[in-house]
Every structure is written in structure tokens, then in C-alpha cells.
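Reckoned from all heavy atoms, side chains included, excluding hydrogens, waters and symmetry mates.
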Amino acid sequence: MSAIDNTGGAMAAHKNIDNPLWNEDLAPSTDAQRTWTATHYAALWVSMVVSVPAYMLASGLMSEGMNWWQAVLTVFLGNVVVLVPMVLVGHAGAKHGIPYPVLARAAFGVRGAQLPAILRAIVACGWFGIQTWLGGQAIYTILNVLTGNALQGNPLPGLGINAGQLVCFLLFWALHIYFIAKGTESIRWMETAAAPLLLLSSLALVWWAYANAGGFGPMLSAPSQFAEGGKKAGQFWSVFWPSLTAMVGYWATLALNIPDFTRFARSQRDQIVGQAIGLPVPMGLLSLVAVVVTSSTVVIYGEAIWDPVALTGKMGGISVVIALIALIIATITTNLAANVVSPAYDFSNLAPRRISFKVGGYITAGIGLAMFPWKILETTQGYIFTWLIGYGGLLGPIAGIMLVDYFLIRKTELNHDALFRADGEYGYANGWNLRAVIALVLGVLPNLPGFFKAAGFVGSVAPVFEVLYTYAWFVGLAISAVVYYLLMPRKA
């Protein structure tokens with residue numbers, strides 16, 4: 001059966017309260033809902049890219065020994081790599097109008113799709129918590145500037161942060177609840193409106209740095225520690241490859257759930273062009289802005305300040321408030337698009353009749369609140385080499401399975417009706433495609449020993465597992481893709 005048109009009429013038979021696999025948020029988008037142009041997707045990416053964690057990526061690489069251009073180039077290359085699966089997976093959303101958890105039903109089964117959906121959702125909850133913490137820190141800094149540090153205090157027992165930080169974190173968390181309640185259209189409006197403001201804010205930050213430092217500071221001329229005579233001479237590639245994998249991992253989450261957005265595209269061209277314009281170049285430019293500004297802080301303040309929240313707190317005057325408001329907008333636009341939309345659909349897929357998009361968003365916010373996100377950001381090792389590479393090794397296999405299933409097994413054709421039927425062609429064995437589960441497990445397993453070592457769970461592992469973990473996303477994707485292709489029967 002060929003793909004059914006996107007008007008939604010083919011789903012009429014399943015628009016009833018008795019179907020546990022269907023709700024309006026998961027159903028194929030209608031023609032009237034397909035309003036997103038290339039400009040919308042470019043704006044979406046700009047608003048997601050300009051964020052505190054993305055700004056700090058280059059800093060993590062330079063702290064590992066790279067010079068400025070090596071760090072910027074690594075960030076750029078990682079985003080060129082991840083753009084490929086982003087556009088390919090996005091094809092399914094644009095063609096069939098379905099979100100990620102429904103697309104996953106084709107490969108994993110109408111019940112089995114809950115597994116990759118929940119794995120992706122848990123990662124998104126972690127990111128939601130991180131971004132919310134950083135936004136709360138911006139509010140905390142603003143209030144301290146305005147009140148003469150009245151919010152400072154001793155850390156609360158068991159939390160490691162003070163009461164002021166906790167209250168600001170909860171305030172910013174509550175702001176997300178407001179937008180979740182308003183739905184996806186409010187999110188699209190916010191992303192489109194914020195993109196030009198965020199670009200102007202980045203340019204203003206560069207101008208401020210240059211004007212106050214009388215140039216761009218010493219870091220742009222600092223040599224790489226990997227150069228001959230440097231502290232890490234000859235070790236460049238041993239740092240570059242895990243760093244590149246981490247940069248790919250940064251957006252590995254969106255590479256899976258991009259159909260949640262491309263399902264509203266007017267055409268394939270709109271999603272492809274919009275993403276190609278909006279992702280790699282802005283990420284590279286933001287890293288360049290971060291390096292330039294941080295280099296200038298060495299001259300202005302006598303130290304390198306990589307954290308933009310900490311930097312704006314030192315600026316003084318009205319510029320502090322303006323800069324931090326821009327940071328808050330940047331953080332909330334990134335968080336809503338990247339870390340609320342997807343898990344909201346994922347949780348909705350668990351019980352479509354009981355969990356709507358909004359309820360799924362509330363669940364995301366609740367889990368993100370409970371994950372103590374400031375703990376993840378305590379060290380570069382924990383942030384880049386454990387968090388980013390670790391979940392990349394988990395999500396890469398899912399991407400490999402879905403790409404093989406959609407392009408090689410099904411030739412981009414899906415039976416919309418069967419995606420919402422337990423007794424259809426995607427029902428497999430009690431709703432589970434065990435071939436996909438086997439491929440997923442085999443793709444994840446080789447990366448586990450390296451992850452356990454990076455996370456500090458074990459002291460040492462065989463060198464081969466450390467090497468595999470260096471390429472965790474690529475290794476997992478390749479193994480799962482090959483295994484799934486070999487296990488699945490070919491369609492005639």
C-alpha cells in the first residue's frame with residue numbers, strides 16, 4: 001500500500017476514542033498545517049544555535065589544547081556531519097506529515113517505537129534541565145546586579161546551590177510551563193521573532209569586546225598545545241576525534257526528532273534549504289564569536305571568561321540587563337524547540353488517549369527539574385566526553401536503524417493507516433519488531449565499556465573499547481544500520 005495523502009482523511013477510521021495509538025497531535029499533518037518555509041527552518045535553527053551551551057562548546061575544546069581555529073573548525077565540521085542525517089530523517093516528516101515517534105513505528109513496531117521514543121525523551125529531559133538551569137542563572141545574575149548581590153548565600157544541603165539560584169531556576173522553569181500550555185504555534189512564533197534579535201546580540205557582543213579591549217586579545221594568536229614543543233605535542237588526533245563525535249552528539253537528539261518540525265514543511269526544498277542555511281554556519285560563527293569575545297576578556301578582566309552569564313555579570317551598567325535578557329531569550333527559544341517539542345510527542349506516544357502534547361510537555365518539565373542539571377555542567381570532562389559522547393552512542397544506533405528502514409527497506413513509502421493499527425504491517429510480534437531491538441542493542445553494546453570508564457564507573461577497560469567510544473555515534477549508527485539491513489526482509 002502506497003503512502004496515503006497528507007490531508008488526514010485517510011485517518012478518519014481511526015479518529016475515535018477506542019484507538020490507543022492515535023490522537024490529534026500524532027496524526028499526519030494536514031495541508032492547512034503545512035505552513036513552514038525555508039525561512040522558518042533557518043530561523044528555528046538560528047534561535048536554537050544561539051545558546052549558552054553552544055557558546056561554550058569552543059571553550060571546552062580550547063581547554064583541551066586546541067587553538068581558536070581548530071576549535072571553531074571542529075564545531076563546524078561536526079555540524080556538517082550531523083546535517084546529513086538531519087535532512088534525511090527530516091524527509092520522512094516533510095513527505096508523510098508524521099512526528100518522530102510515529103515514524104519510529106515503521107521500524108520498531110507500533111508498540112516497540114516506545115523504546116526509541118523514551119530513550120530520546122530522557123536525553124531531551126536532561127537537556128531541558130541544563131538549559132533551564134542556565135537561563136535561571138542569567139536571571140540570578142540580573143537580580144544580583146540590581147540588588148547588590150542580595151541573592152547570594154550558602155549552598156543548600158544536598159543541592160550544592162543557594163536558595164537564590166534555586167528560586168531563579170524555578171522561575172525560569174515556570175516560564176517554560178506557560179509556553180507549553182500555549183502549544184506549538186506559540187513556539188514557532190517565538191523562534192521566528194527571536195532569531196534576528198539573537199544575531200544582533202551576538203554582533204553587539206563582538207563590538208563590545210573589540211571596543212573595550214582595543215582589539216581581540218591574545219588568545220587568537222595563542223598556539224595549539226598540540227604543536228611541537230607544546231604540552232600535548234603530537235596528541236591532536238586523540239583529542240580531535242572524540243571532540244568531533246561530541247559535536248555530532250550535540251545535535252544527535254534533533255537528528256532523530258526533526259520530523260516533529262519538518263512535518264509542517266510546505267515542501268522538501270523548504271526543510272532542506274532551511275536546515276542547510278540555519279545549522280552549520282551559525283554554529284561555526286557562534287563558536288568564533290565565543291572565541292573572539294573570550295580572548296578580549298583576557299585584556300579587559302585579566303582572565304579568560306568563557307561563561308557568557310558570568311561575563312555579562314561583570315560588564316556593569318544597563319548593558320548587563322540588556323545582555324542577560326538576550327541570553328534568557330536565547331535560552332528559552334532553544335529549550336522550547338529542541339527539548340520540549342520532541343519529548344512531548346514521545347511521552348504522548350506512550351499513551352496517546354491519555355497524554356496529549358501539552359501533558360507530555362509537563363512531564364518533560366517535571367523530569368528536567370528532578371535531574372539536578374548543574375551537576376552535569378560541573379566539568380568539561382563531564383559535559384563533553386561523558387554527556388555528549390555518551391548519549392550520542394545511544395542515539396546513533398536509532399538513527400542508523402530508522403535511515404535504513406525508511407530509505408533502503410521501504411523506499412520512503414509508508415502506510416499511514418497501518419502506523420495507527422496494532423494489526424497492520426507494523427504490528428510485527430505483539431507490536432514489537434525484535435529485529436530492530438536486536439540491532440539497537442548490538443549498536444549500543446560496544447560503546448558501553450568506554451562510557452563506563454568516561455563516567456568513572458570503572459577504572460580501566462581494554463584499549464579497543466576506548467577507541468570505539470571515541471567514535472561512539474558513528475560506531476553505533478554503522479553497526480545498527482548494517483545489522484538491521486541484514487535482518488530485515490526486503491520489500492518486493
Side-chain angles (χ1 to χ4, degrees), residues 40-60 75 78-79 82 86 120-121 123-139 169 172-173 175-180 182 184 186-202 205 247 249-258 260-261 274-275 278-287 289-290 307-309 312 323-344 361 364-365 368 371 373-374 376-377 383 387-388 391:
H40 287 121
Y41 288 107
L44 172 74
W45 273 113
V46 168
S47 62
M48 288 196 293
V49 161
V50 182
S51 63
V52 175
Y55 182 99
M56 294 170 67
L57 285 176
S59 67
V75 173
N79 283 274
V82 81
M86 197 82 69
R120 165 65 181 91
V123 172
C125 290
W127 268 120
F128 176 89
I130 289 172
Q131 294 277 9
T132 304
W133 165 251
L134 293 170
Q137 280 294 94
I139 295 174
F169 174 57
F172 197 56
W173 179 85
L175 185 59
H176 287 81
I177 297 297
Y178 169 81
F179 281 99
I180 291 171
K182 291 293 183 181
T184 54
S186 69
I187 295 175
R188 186 189 72 159
W189 176 87
M190 183 75 169
E191 305 296 322
T192 304
L197 172 63
L198 297 176
L199 289 174
L200 289 174
S201 298
S202 298
L205 190 57
M247 296 309 105
Y250 186 82
W251 289 121
T253 50
L254 266 293
L256 287 181
N257 78 277
I258 195 66
D260 296 342
F261 299 98
Q275 293 201 79
L279 177 56
V281 174
M283 277 293 287
L285 290 177
L286 180 68
S287 296
V289 167
D307 185 345
V309 176
T312 50
L324 285 171
I325 288 174
L327 276 177
I328 291 170
I329 294 173
T331 303
I332 198 167
T333 53
T334 300
N335 221 12
L336 288 170
N339 306 316
V340 170
V341 172
S342 171
T364 301
M371 291 184 75
W374 51 90
I376 298 175
L377 294 174
Y383 176 48
W387 173 244
L388 294 182
Y391 78 65

Side-chain heavy atoms of Val82 within contact of Tyr250, under 4.5 Å: no
CE of Met371 to OG1 of Thr132: how many Å apart, nearest 0.5 Å? 11.5 Å
Indicate yes or no: at least one non-hydrogen side-chain atom of Tyr41 is less than 4.5 angstrom from one of Ile258. no
Kindly indicate whether the side chain of Met86, heavy atoms from C-beta on, has any atom under 4.5 Å from the side chain of Trp45. yes
Is there a side-chain contact between Val49 and Trp251 (heavy atoms, below 4.5 Å)? yes
Is the shortest heavy-atom distance from the side chain of Gln131 to the side chain of Pro373 under 4.5 Å? no
Quick check against the 3.5 Å criterion: does Ser287 have a side-chain atom that pairs as donor or acceptor with the backbone of Val75? no
Do the non-hydrogen side-chain atoms of Arg120 and Leu254 ever get within less than 4.5 Å of each other? yes
How close do Ile180 and Gly361 get, counting heavy atoms only, and between which atoms? CD1-O, 3.5 Å
Give me the atom names and distance for the closest heavy-atom approach of Pro280 to Asn79. CA-CB, 3.9 Å
Validation: residues 337-344 side-chain donor-acceptor distances under 3.5 Å, sequence neighbours left out:
from	atom 1	to	atom 2	distance (Å)
Asn339	ND2	Asn335	OD1	2.9
Ser342	OG	Asp346	OD2	3.3

His40 NE2 to Phe261 CZ distance, which is reported to the nearest 0.5 Å: 13.5 Å
Working to the nearest 0.5 Å, report the span between CD1 of Ile329 and OG1 of Thr334. 11.5 Å
Interatomic distance, CG@Leu336 vs OH@Tyr178, rounded to 0.5 Å, equals 11.5 Å
What residues, two or more places apart in sequence or in another chain, satisfy side chain to side chain contact (heavy atoms under 4.5 Å, CB included) together with Ile328? Ala138, Ile139, Ile142, Phe172
Quick one, Leu205 and Tyr55 - any side-chain contact, counting heavy atoms below 4.5 Å? yes
Thr333 and Ser47 have their tightest heavy-atom pair at OG1-O, 3.1 Å
From Phe169 atom CZ to Leu134 atom CG, the distance as rounded to the nearest 0.5 Å: 10.0 Å
Do Leu57 and Met283 have side chains that get closer than 4.5 Å, going by heavy atoms? yes
